[in-house]
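What follows is a set of notes on a single structure, which appears directly below.
Lettering follows sequence order; numbering is per chain, from 1.
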Protein chains: 4
Amino acid sequence: MSDATGLFDGVLAAGGVRDLTDDTAWVRAMLDFEAALAAAEAEHGLVDPADAAAVADAAADPSSYDAAALGRAAAGTGNPAGPLVRELTDRAGAAGRIVHLGATSQDVVDTAAMLVAHRALEVLLIDLRVCGDLLADLAERHAGTVQVGRTLLQHALPTTFGVVAASWLSGVDAASDRLVRVRADRLAVQFGGAVGTLASLGERGPAVLTSLAALLGLREAAPWHTERTRVAELAAALGGACGAVATVARDVVLLAQTEVAEVREEGPEGTGGSSTMPHKRNPVAAVAAVASAQQAPGLVATLFAAMAQEHQRAAGSWHAEWVPLRSLLRATGSAAHWLRASLERLRVDEDAMRANVGLTGGLLLAERVTTALAPAAGRLAAHDAVTACCRRVAEGRGELADLLAADPLVGAHLDRSAVAALLDPAGYVGSAAEFTARAVAAHRGRTSR
Amino acid sequence: MSDATGLFDGVLAAGGVRDLTDDTAWVRAMLDFEAALAAAEAEHGLVDPADAAAVADAAADPSSYDAAALGRAAAGTGNPAGPLVRELTDRAGAAGRIVHLGATSQDVVDTAAMLVAHRALEVLLIDLRVCGDLLADLAERHAGTVQVGRTLLQHALPTTFGVVAASWLSGVDAASDRLVRVRADRLAVQFGGAVGTLASLGERGPAVLTSLAALLGLREAAPWHTERTRVAELAAALGGACGAVATVARDVVLLAQTEVAEVREEGPEGTGGSSTMPHKRNPVAAVAAVASAQQAPGLVATLFAAMAQEHQRAAGSWHAEWVPLRSLLRATGSAAHWLRASLERLRVDEDAMRANVGLTGGLLLAERVTTALAPAAGRLAAHDAVTACCRRVAEGRGELADLLAADPLVGAHLDRSAVAALLDPAGYVGSAAEFTARAVAAHRGRTSR
Amino acid sequence: MSDATGLFDGVLAAGGVRDLTDDTAWVRAMLDFEAALAAAEAEHGLVDPADAAAVADAAADPSSYDAAALGRAAAGTGNPAGPLVRELTDRAGAAGRIVHLGATSQDVVDTAAMLVAHRALEVLLIDLRVCGDLLADLAERHAGTVQVGRTLLQHALPTTFGVVAASWLSGVDAASDRLVRVRADRLAVQFGGAVGTLASLGERGPAVLTSLAALLGLREAAPWHTERTRVAELAAALGGACGAVATVARDVVLLAQTEVAEVREEGPEGTGGSSTMPHKRNPVAAVAAVASAQQAPGLVATLFAAMAQEHQRAAGSWHAEWVPLRSLLRATGSAAHWLRASLERLRVDEDAMRANVGLTGGLLLAERVTTALAPAAGRLAAHDAVTACCRRVAEGRGELADLLAADPLVGAHLDRSAVAALLDPAGYVGSAAEFTARAVAAHRGRTSR
Amino acid sequence: MSDATGLFDGVLAAGGVRDLTDDTAWVRAMLDFEAALAAAEAEHGLVDPADAAAVADAAADPSSYDAAALGRAAAGTGNPAGPLVRELTDRAGAAGRIVHLGATSQDVVDTAAMLVAHRALEVLLIDLRVCGDLLADLAERHAGTVQVGRTLLQHALPTTFGVVAASWLSGVDAASDRLVRVRADRLAVQFGGAVGTLASLGERGPAVLTSLAALLGLREAAPWHTERTRVAELAAALGGACGAVATVARDVVLLAQTEVAEVREEGPEGTGGSSTMPHKRNPVAAVAAVASAQQAPGLVATLFAAMAQEHQRAAGSWHAEWVPLRSLLRATGSAAHWLRASLERLRVDEDAMRANVGLTGGLLLAERVTTALAPAAGRLAAHDAVTACCRRVAEGRGELADLLAADPLVGAHLDRSAVAALLDPAGYVGSAAEFTARAVAAHRGRTSR
């Protein structure tokens with residue numbers, strides 16, 4: 001029995017992370033803690049290995065535990081570990097006496113949170129990596145595709161779609177890198193007993209801790225019951241991934257506007273199209289990525305605000321982490337899933353890109369003509385002459401190349417073909433190819449490691 | 001089938017709001033919209049009343065709809081209304097052709113959100129009202145119970161537990177009032193069609209809108225697809241309630257500290273006590289109230305950040321509201337539920353309050369002696385004399401009353417009984433009783449309306 | 001001496017609110033509290049009226065106080081009221097002994113915060129009202145200007161620019177209304193003494209409180225030192241205003257895109273234009289409005305998170321309010337100022353709106369043809385026929401009206417002129433005019449009150 | 001001229017970061033960018049070295065620029081770089097023509113933000129390091145000081161103040177480490193020109209970029225105008241530091257409560273004490289640290305929410321970063337400054353710690369007696385016997401050691417001295433010393449690097 005909600009999950013909790021963070025996944029992780037604890041204690045002679053094996057058996061089938069019932073029972077003690085431990089103890093029979101030895105509820109829940117995050121990040125990182133691969137392909141394929149560069153949503157200067165995709169790629173890769181590091185370095189086992197001293201284990205606490213971490217595949221750390229930098233770093237890395245995803249997805253939505261139409265999503269039948277509005281091509285996946293990612297900043301704030309935890313166990317701020325952490329994992333997973341879908345569905349219309357570059361009749365490159373003219377004609381005179389021509393274009397009184405070539409000052413220094421060359425957007429994209437190649441190379445190098 | 005998650009709900013989504021905001025509740029509300037729409041359209045001659053009745057029949061049993069399946073299908077179109085409308089259309093048979101006439105998906109989901117909030121607020125407000133009643137009782141009962149007033153968690157001057165409870169009451173009542181107003185004035189039907197013009201209804205759009213609002217018990221309003229002040233006001237009112245609850249709950253936790261012990265929760269068997277730590281009296285309900293309330297600020301921020309919605313339907317910011325709004329309703333419901341539980345369990349230890357007032361050996365009232373002495377002895381001299389006596393008390397060299405009476409300057413103006421009267425904390429609680437009475441009267445007047 | 005920072009204020013703290021919330025404004029408000037307190041205490045016989053007058057004199061010139069020095073001294077005691085009171089006491093000479101009588105630092109700072117907000121809101125509300133007036137004018141003027149309605153940034157159905165502006169207006173008016181109510185009902189004097197009992201005033205506390213509130217033009221309220229619903233409601237109303245402003249400003253930015261070009265800002269020389277990029281028309285004011293408004297959600301969250309204040313004065317959460325409250329007032333003031341500027345600069349290009357409506361060659365209205373055809377031809381057949389024509393338009397094989405009229409099924413039921421009428425976007429804007437008129441009327445009625 | 005505000009800065013923007021982030025510091029950083037750009041371009045033959053030197057001269061005195069005037073002028077163009085460049089160009093005389101060559105406003109402001117952060121972090125990290133040193137000293141000195149461990153603010157089991165301080169240390173060190181890494185790896189120069197292609201530099205863009213980064217001491221990176229993971233990681237690291245600081249500071253406030261009194265701050269004359277309330281020992285520094293740190297989560301959320309920046313320059317989300325980034329640097333600087341002050345002032349009362357351990361009359365260790373008894377007496381019988389004794393202690397009917405020794409079951413297995421040994425809290429702190437030593441060693445190793 002898991003939290004089979006779903007009404008909004010198709011949009012806001014899409015992808016594999018959802019199931020890896022559901023109630024069953026948490027119960028599984030809590031049981032994994034108890035089984036590994038028993039094994040670690042057996043290893044160090046604190047309990048009988050046969051008992052530890054019996055505990056492992058009793059903990060082997062998470063789906064046989066009733067998460068909803070555990071949740072209801074949690075109302076009594078304030079967290080779900082107590083009821084789970086009772087249930088496991090019952091199931092373990094005689095071995096029940098060794099269940100949870102030396103541990104406290106927070107040890108169970110915190111370690112479970114780390115395990116759940118560790119497992120969820122695995123699939124989340126795959127989605128992000130595929131996003132990166134798709135973006136690297138886009139960047140390479142369109143390294144020479146001229147696109148209008150837009151600042152404040154206004155046409156500014158030419159760029160290439162390749163370097164635009166490369167910038168998206170850099171963001172997604174940076175966010176992935178951070179998640180990889182947090183996953184490897186900061187997801188640690190929690191084991192300290194009631195007040196973080198492991199008092200009931202006598203001298204053997206640290207040794208059990210080491211074994212426990214190894215068994216669970218988490219980092220070893222001194223008890224961090226109220227030292228929550230790990231949770232904050234995880235939250236921040238997730239929030240950063242949402243931001244990187246949202247950057248790409250928002251741009252896709254903008255580029256897919258009816259008036260812009262440089263990209264569109266071609267999803268499976270029934271996605272994005274509208275039978276009653278046949279002209280509509282909703283970029284459903286990008287929209288869902290934006291919406292999923294938008295959950296993050298508030299959840300990150302909640303987790304940061306919960307860092308100041310009192311004494312040896314907080315009176316509320318600890319409990320306050322569970323739901324936002326789960327929500328944040330799901331939102332990020334959903335954002336990554338949808339960005340991947342959007343990129344898989346993406347169709348690039350190079351003609352539309354070319355047409356949009358030309359929309360302002362060459363005005364995009366007026367600055368370049370001024371610059372070329374300035375050394376010979378003087379900066380101010382060059383500027384005035386070019387501006388005058390531009391104004392005439394804006395008034396519909398001719399083509400820029402013609403007007404410039406016909407202008408006395410401009411014409412004195414640049415002939416028609418020189419003007420045309422200066423107005424060629426493909427000739428004014430600077431280091432776009434270089435920056436594109438760097439981002440792609442970094443990505444390829446990174447994923448081949 | 002509803003979202004039967006539960007592992008954390010016992011703590012963080014306790015109370016009646018949870019079920020009133022689950023998937024079934026949302027499906028119910030969406031179906032209510034469709035049925036009411038058909039009825040309103042029948043009323044104005046747009047559809048056949050028999051068809052409207054058939055739609056109402058097909059919409060009558062929300063639990064027969066598979067919310068999880070609807071959610072999965074929502075991935076295709078970007079929201080769950082489309083799949084629900086399809087299903088309803090199928091079920092309505094021949095009447096299916098009139099289902100959803102003139103409406104758009106956002107009409108369904110937004111109206112459902114308002115209905116869900118309207119219904120959830122009903123039980124939430126009951127919990128808050130009971131909290132208010134309990135606080136009013138506490139305030140009255142303890143109007144004369146002297147307690148130490150604490151600033152920056154340090155003893156400052158005497159107050160009464162009555163006026164402390166009255167201040168808690170004021171906060172809870174202010175938050176309730178705001179929720180009541182938002183519920184009555186701002187929860188409005190959404191009905192505008194694809195772009196908010198109700199184009200397909202011709203002239204009859206406004207009339208249908210009026211009837212629809214009346215049928216659903218919501219306010220009438222022009223389409224507000226991207227005008228989200230309603231959602232923000234609802235979010236803020238919920239966030240304010242969480243803040244008011246957290247204020248009380250946090251104080252309960254602080255007053256219940258082992259060293260302070262002025263209050264404790266006596267919950268049902270198995271709550272808060274610890275069989276292995278018999279001295280522990282965990283204020284579980286107050287802790288859960290704090291934890292629940294702590295979810296709110298981040299969720300409020302998410303909903304405020306989602307306000308800037310594009311054109312006639314937002315590309316992400318609209319979808320981004322669904323989950324945080326649900327989470328915020330549940331967190332607030334849980335906070336109110338747990339505060340009610342905490343107050344129902346609350347035991348006040350007047351002896352401990354008295355003992356704590358005396359903890360500093362009368363130093364609390366030193367300022368009062370200075371003030372009394374100043375007119376006759378001069379402010380500075382009075383201050384110096386009293387401070388010297390206080391220092392001796394702090395050094396354990398006597399009782400303050402004795403030292404003051406024995407002091408040449410003090411003794412010249414105040415005899416032993418005058419000193420004792422000045423040091424009586426009960427005599428220095430100013431307008432505490434008046435402020436208490438006002439808050440209680442305001443509450444009684446409010447709830448008797 | 002005020003906080004003459006400015007590097008970012010031209011963009012992010014524009015308008016009149018900035019100076020009304022600077023250090024001098026805060027010092028003024030703190031001094032106003034002290035002067036009014038002395039006057040109120042004189043009125044009730046607690047102090048000599050001549051002393052009260054002397055205090056008022058000493059408090060009359062806020063700019064003669066060194067705010068930076070007060071700020072430095074605040075580091076010692078934890079808030080700026082202590083140093084200010086000392087300075088005022090010194091300046092008041094013999095009357096110094098009555099300064100601050102019965103008050104505590106938080107009384108000064110909280111009342112000052114309320115006064116500062118009260119004064120800042122006055123100018124902020126003027127800016128919002130002018131925004132409303134400009135939007136009402138726009139809505140009226142363009143009640144008949146057909147514009148394409150956009151959902152998910154895709155063309156959907158026709159609407160009017162009038163009703164778009166009316167929706168913007170509704171948001172701004174709703175936000176204004178809320179601010180007006182909070183200003184009138186919730187900005188209250190703070191006066192309670194060290195622990196909220198007004199102990200040192202004996203019986204006369206409540207009477208002084210009443211007079212003090214009247215003198216300062218704030219609401220009377222029992223001490224609310226740790227009952228912060230007032231601050232939260234103020235924060236939420238400001239955040240709501242930012243959201244309403246951002247909605248309009250973001251739409252302006254989108255409509256001003258080079259490819260859309262339906263509106264543009266024509267600001268004073270040097271704003272928004274680019275001499276080197278003559279085609280650029282940056283909507284600078286709208287961008288600054290968006291940027292200013294975007295500060296709000298995080299600040300609102302900070303103020304909501306600070307609500308849970310301990311006992312009779314909080315150990316941090318109170319102090320944590322000062323800066324975000326000031327920042328939020330400024331951000332909202334800046335957002336309102338910039339939206340006003342944007343609307344004053346706004347030029348609407350009706351031709352561009354018309355051209356964009358036609359961009360999809362009539363496909364916008366395909367749904368309408370289907371609907372018209374359905375009763376006679378059957379829904380499915382109608383749909384298939386219209387869709388087939390649409391596809392041909394998309395493939396560039398003709399005009400929609402021609403193709404439809406030539407279609408056997410369509411042509412059997414609708415002649416060329418009937419088709420043309422159905423494809424006329426101006427004929428398919430439903431209740432846009434009615435909704436426009438309602439919003440404008442509500443605004444006019446509201447501001448004429 | 002800098003932003004000499006101050007009224008709240010003594011409390012909320014204390015320490016060295018404030019001045020390093022003021023307007024002059026930003027102007028300095030912007031000028032440093034322009035000077036370094038000219039130098040880098042001279043290095044690669046794009047401009048005359050003499051001109052570059054003239055620009056460096058004109059940029060050498062930031063305080064001679066009027067930041068407030070620049071800020072006012074920024075209202076026209078939307079950011080302060082434009083006005084600064086104009087002013088610098090004027091001052092550079094003939095060399096003015098090479099100022100800002102190939103750069104865009106965002107290059108200036110973003111690089112300045114990175115420089116400002118780089119410089120501010122230097123002093124911030126010193127404060128955090130001193131905090132770490134003080135905590136390491138505390139941890140070592142009190143490795144054997146038994147203190148009561150508290151969970152949910154209730155006495156739980158014994159711990160040591162040493163390991164408590166060690167946990168605080170771990171949090172502060174983890175936060176420092178993260179800031180160090182972000183500072184070294186992620187603070188990068190921004191240089192891309194209008195749309196990130198460096199078009200006007202032809203082939204030489206990347207070479208200039210490399211030199212520019214080297215000259216400024218920042219990382220080299222491809223243009224990241226709308227790829228904001230750097231800003232987000234910086235924000236998160238700052239927010240994490242605030243959380244780590246707040247954890248310690250809040251515990252100090254709690255331990256300093258009148259009823260607990262295990263620590264107190266002894267600040268300079270005039271801090272924290274109250275002449276009128278001589279018993280008060282306000283932990284002013286810890287309170288200010290809490291208040292400063294509390295600003296962070298909302299600001300972090302604002303910066304994360306601003307990540308989704310449009311195309312090649314965002315229409316608002318970029319501008320929206322400036323103020324929260326500055327505020328966040330200051331808040332974190334202030335939090336670190338105040339924690340350092342608090343720890344420098346901290347006085348530990350070991351007697352009070354001991355007394356508090358004994359407050360529950362040995363009940364703290366009841367669990368240990370049960371555990372010791374269980375193997376011989378059976379778990380349930382042991383539990384019942386011990387619980388019965390505990391209840392009698394709670395009822396004031398004797399000392400726990402006596403009651404246990406006198407209990408037939410307990411007495412049968414444990415004699416009086418065995419009971420006493422089990423009840424000795426110093427004997428039940430498990431691995432506290434080990435965990436303390438590890439944290440201290442990690443800190444020493446870290447800072448000796």
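Although no hydrogens or angles enter the test, the distance criterion places no donor-acceptor pair under 3.5 Å between the side chain of B:T197 and the main chain of C:Y428. A donor-acceptor contact shorter than 3.5 Å links the side chain of C:Q312 to the backbone of B:R150.
Across B:S431, B:A432, B:A222, the residue that shares the most heavy-atom pairs under 4.5 angstrom with chain C is B:S431. Top candidate by heavy-atom pairs under 4.5 Å with chain C, chosen from B:G78, B:A249, B:P206, is B:P206. Contact tally against chain C (heavy-atom pairs below 4.5 Å) for B:S317, B:A305, B:G427, B:A175: the top residue is B:A305. Between chain B and the residues C:G196, C:A306, C:S170, the largest count of heavy-atom pairs under 4.5 Å involves C:S170. With chain C as the partner, the residue from B:L152, B:V172, B:L201 showing the most heavy-atom pairs under 4.5 Å is B:L152. Taking C:E203, C:R228, C:Q309 one by one and counting their heavy-atom pairs under 4.5 Å with chain B, the maximum is reached by C:Q309. Chain B forms more heavy-atom pairs under 4.5 Å with one residue of C:G205, C:G240, C:C242, C:G316 than with any other, namely C:G240.
How far CG of B:D177 is from CG of C:D185: 11.0 Å, rounded to the nearest 0.5 Å. Between the OG atom in B:S167 and the NE2 atom in C:H225 there is a gap of 9.5 Å [rounded to 0.5 Å]. The line from CZ of B:R438 to CD of C:E220 is 5.5 Å long, rounded to the nearest 0.5 Å. Rounded to the nearest 0.5 angstrom, C:E310 CD and B:T247 OG1 are separated by 9.5 Å. To the nearest 0.5 angstrom, B:L299 atom CG is 12.0 Å from C:F304 atom CZ.
Taking both residues in full, the closest heavy atoms of C:A308 and B:A246 are given as CB-CB, 3.8 Å, listed atom of the first, atom of the second, then distance. For the residue pair B:E233 and C:R178, the shortest heavy atom distance occurs at OE1-CD, 3.8 Å. Here the shortest heavy-atom pairing between C:P158 and B:V195 reads O-CG2, 3.5 Å. Nearest heavy-atom pair, B:T151 versus C:A194, reported as atom, atom and distance to 0.1 Å: CG2-O, 3.5 Å. Shown here for C:A315 and B:L153, the closest heavy-atom pair between the two residues is CB-CD1, 3.9 Å.
If you measure heavy-atom distances from C:V148 to chain B, the contacts under 4.5 Å come from the backbone alone. At a 4.5 Å heavy-atom cutoff, C:L303 makes no contact with chain B through either its backbone or its side chain. The contact between C:R186 and chain B is made entirely by side chain atoms (from C-beta outward), counting heavy-atom distances below 4.5 Å. At a 4.5 Å heavy-atom cutoff, the contact between B:T229 and chain C is made by side-chain atoms alone. Residue contact with chain B, scored on non-hydrogen atoms closer than 4.5 Å, involves the backbone and the side chain of C:L198 alike. Contacts of B:R379 with chain C are made by side-chain atoms alone, with heavy-atom separations under 4.5 Å and no backbone atom involved.
C:P223 has its side chain within reach of B:F435: a pair of non-hydrogen atoms, C-beta onward, lies under 4.5 Å apart.
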Task: From CA spacing to verdict: side-chain contact (heavy atoms from CB on, under 4.5 Å), B:H311, C:D251 - done: CA-CA 6 Å; B:H311 297 313; C:D251 276 356; 4.0 Å; yes
